[in-house]
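Okay, so here's the structure we're looking at.
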Amino acid sequence: KVVPFSPKHVAVLAFPFGTHAGPLLSMVQRIATEDPDVKFSFFSTKISNAKTFKLNKTGLSNIHPHNVYDGFPEGHVPSHPREAIERFMYAMPQNFRSAIDRVVAETGHKITCLITDAFYWFGAEIAKELDCKWVALWTAGPHSILVHVETDLLRERVSNEVSDDPSIDFLLGYSGLKVSDLPEGVVRDTENPMATMLHKMGVTLSQATAVAINSFVDVHPIIVNVLKSKFQKLLNVGPFTWTMPQHHIHDEERCLEWLEKREEKSVVYVTFGSVITPPPHELFALAEALEECKYSFIWSFVGNHKKQLPQGFLERIGNKGKVVAWAPQNEILQHPSIGVCVTHCGWNSILECILGGVPMICRPFFGDQKLNTRMIENEWRIGVAIDENGGFTRENTTRALVSTMSSEKGRVMRKNASELRECAAREIERNGSSIRDLNTLIHIVLS
Ligand code: UDP
């Protein structure tokens with residue numbers, strides 16, 4: 001009897017918002033180069049696939065994008081990013097399930113491994129049904145995934161507290177941290193789709209064959225050890241900037257050329273990631289502080305900077321600063337002229353700052369950003385926080401700029417960041433832990 005050739009077939013389920021699908025695709029690219037005979041079907045929404053595959057030109061014929069239903073009738077434009085996320089979450093997991101079934105029926109190749117964004121707790125169910133392995137990718141840091149794994153414990157302990165803002169230092173590795181530092185939905189504000197998803201994720205991830213994370217062991221060895229005891233396999237396969245293929249961002253505004261003319265550590269880089277624009281009064285305060293200080297700056301601005309920044313700002317700053325729609329951030333942070341990064345503390349930006357040895361001024365907004373800020377300030381000592389209750393004021397921003405750019409405190413933060421960078425470098429040496437974990441990941445997915 002002739003058995004028809006059936007290649008290994010990996011289904012990849014991406015979360016189509018924020019900086020999630022890009023890192024997942026670069027990890028898949030890295031794995032896919034190891035065996036061109038293994039097929040990868042990459043599922044995300046039409047918008048997300050168009051953007052992600054345009055940026056990451058894979059050049060690999062064994063990765064195929066497939067669009068899943070985004071929750072909207074054809075042609076409907078969501079009024080707010082939150083609406084897009086919520087409608088998508090109502091459509092899943094059925095949208096993924098039916099797209100996988102369609103691809104399997106079309107190709108005749110059954111799924112041998114499922115890779116999902118760690119958000120997707122239903123990966124456990126689908127993998128069981130398909131009788132295959134499940135690998136989850138957490139695109140942020142170890143300290144932020146552990147609070148979701150420990151959500152039931154946190155809720156129970158905190159419910160007995162009388163304080164408005166109880167400490168969470170009963171968790172190993174979180175000394176000095178409080179409930180208000182946790183992502184929304186862990187202990188408070190628990191009745192919304194995002195909070196439900198993260199809670200379910202926390203209780204389900206132990207069923208994954210492996211949980212991969214864009215991080216390295218020395219980011220927080222204590223928390224990494226706790227996590228290892230919670231999962232079947234925790235694989236620290238980052239920092240992705242060094243371990244996974246990176247896409248090239250076209251430098252339309254010639255930021256890098258402009259930086260060449262600046263002195264060492266004299267430039268401020270401002271970014272709030274791919275989705276956040278601070279509220280108008282904070283944009284004004286930040287713009288004022290940047291205008292008044294002596295440092296040059298590059299500001300990557302989400303939105304319409306011509307309309308949203310103070311009138312005459314761009315004319316007044318002239319060649320002292322550049323405001324751009326999208327910047328080659330990673331290359332900028334590697335440039336010797338950068339002295340500090342003003343950031344929302346998204347995990348990718350933090351790793352890129354660490355690898356550039358650049359200290360941070362932190363203005364967290366939501367999700368893991370506050371937790372990241374606390375780690376930056378208290379644990380790694382590589383940045384300062386702007387008080388998130390008031391956000392940017394001209395005074396606190398000026399103070400933070402001077403302290404990180406021109407004081408001994410800033411020099412120490414820069415040194416600490418460089419030391420962390422050295423740890424990361426050791427872990428990607430030939431026998432370093434990130435490389436060993438990456439080899440394990442490749443083996444799990446391809447075997
Ligand atoms: N980024 C970039 N150019 C920009 C702004 C951001 O290349 O002008 C990249 C940045 O290098 C990082 C990602 O977008 O890799 C932002 O990820 P992060 O986790 O910091 O924030 P998120 O977008 O998820 O809020």
Side-chain angles (χ1 to χ4, degrees), residues 14-27 44 47-48 51-52 54-57 81-82 84-85 117-119 137-145 183-184 194 198 213-215 219 238-256 258-259 267-278 297-305 321-335 338 341-356 358 360-373 375-376 382-383:
F15 185 70
F17 306 100
T19 306
H20 277 250
L24 180 61
L25 180 58
S26 40
M27 185 180 90
S44 195
I47 293 176
S48 154
K51 188 174 153 205
T52 314
K54 187 172 162 220
L55 276 176
N56 302 45
K57 294 218 166 38
R82 188 180 299 247
I85 298 177
D117 193 292
F119 280 178
L137 170 66
W138 179 248
T139 55
H143 51 283
S144 59
I145 196 171
E184 51 286 349
M194 188 56 113
L198 291 168
I213 173 167
N214 177 10
S215 188
V219 155
F240 275 21
T241 315
W242 283 350
T243 54
M244 307 296 169
Q246 293 300 300
H247 57 263
H248 176 73
I249 294 178
H250 190 57
D251 186 8
E252 274 168 23
E253 312 262 1
R254 302 184 166 204
C255 295
L256 296 171
W258 186 85
L259 286 176
V267 181
V268 179
Y269 175 64
V270 184
T271 175
F272 301 105
S274 58
V275 288
I276 293 168
T277 315
F297 63 90
I298 294 180
W299 187 342
S300 165
F301 195 98
V302 174
N304 184 340
H305 63 266
K322 266 173 120 46
V323 183
V324 302
W326 194 252
Q329 177 169 313
N330 188 40
E331 283 88 344
I332 286 178
L333 289 168
Q334 297 294 319
H335 199 280
I338 297 296
C341 177
V342 179
T343 171
H344 67 312
C345 296
W347 184 244
N348 294 291
S349 296
I350 294 173
L351 284 179
E352 289 160 14
C353 283
I354 289 174
L355 301 192
V358 175
M360 284 160 265
I361 295 176
C362 309
R363 164 56 173 112
F365 288 84
F366 58 78
D368 60 347
Q369 296 160 10
K370 277 191 202 171
L371 213 46
N372 292 341
T373 299
M375 289 292 167
I376 287 171
I382 55 175

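We count ligands from 1, going down the list as the structure has it; atoms in each ligand are counted the same way.
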Practice prompt. Scan residues 242-252 for pairs that pass side-chain hydrogen bond (donor to acceptor under 3.5 Å, both in side chains), counting only residues two or more places apart or in two chains.
Written response: Asn56-His247

Worksheet item: Which heavy-atom pair separates Ser48 from Thr52 by the least distance, and what is that distance?
Response: O-OG1, 2.6 Å

Worksheet item: Near ligand 1, which residues have a heavy atom under 4.0 Å away from one of its atoms?
Response: Thr19, Ile249, Tyr269, Thr271, Gly273, Ser274, Ser300, Trp326, Ala327, Gln329, His344, Gly346, Trp347, Asn348, Ser349, Glu352

Fill in: Donor on one side chain, acceptor on other, Thr241 and Glu352, under 3.5 Å
no

Worksheet item: Hey, mind stepping through Tyr269 and His335 against ring-ring contact (aromatic ring centres under 6.0 Å, His included) and telling me if it holds?
Response: CA-CA 11 Å; Tyr269 175 64; His335 199 280; over 10 Å; no

Response to the item:
In short, Ile213 meets Gly141 closest at the heavy-atom pair CD1-C, 3.7 Å

Fill in: Side-chain donor/acceptor of Thr373 to backbone N/O of Gln369, under 3.5 Å
yes

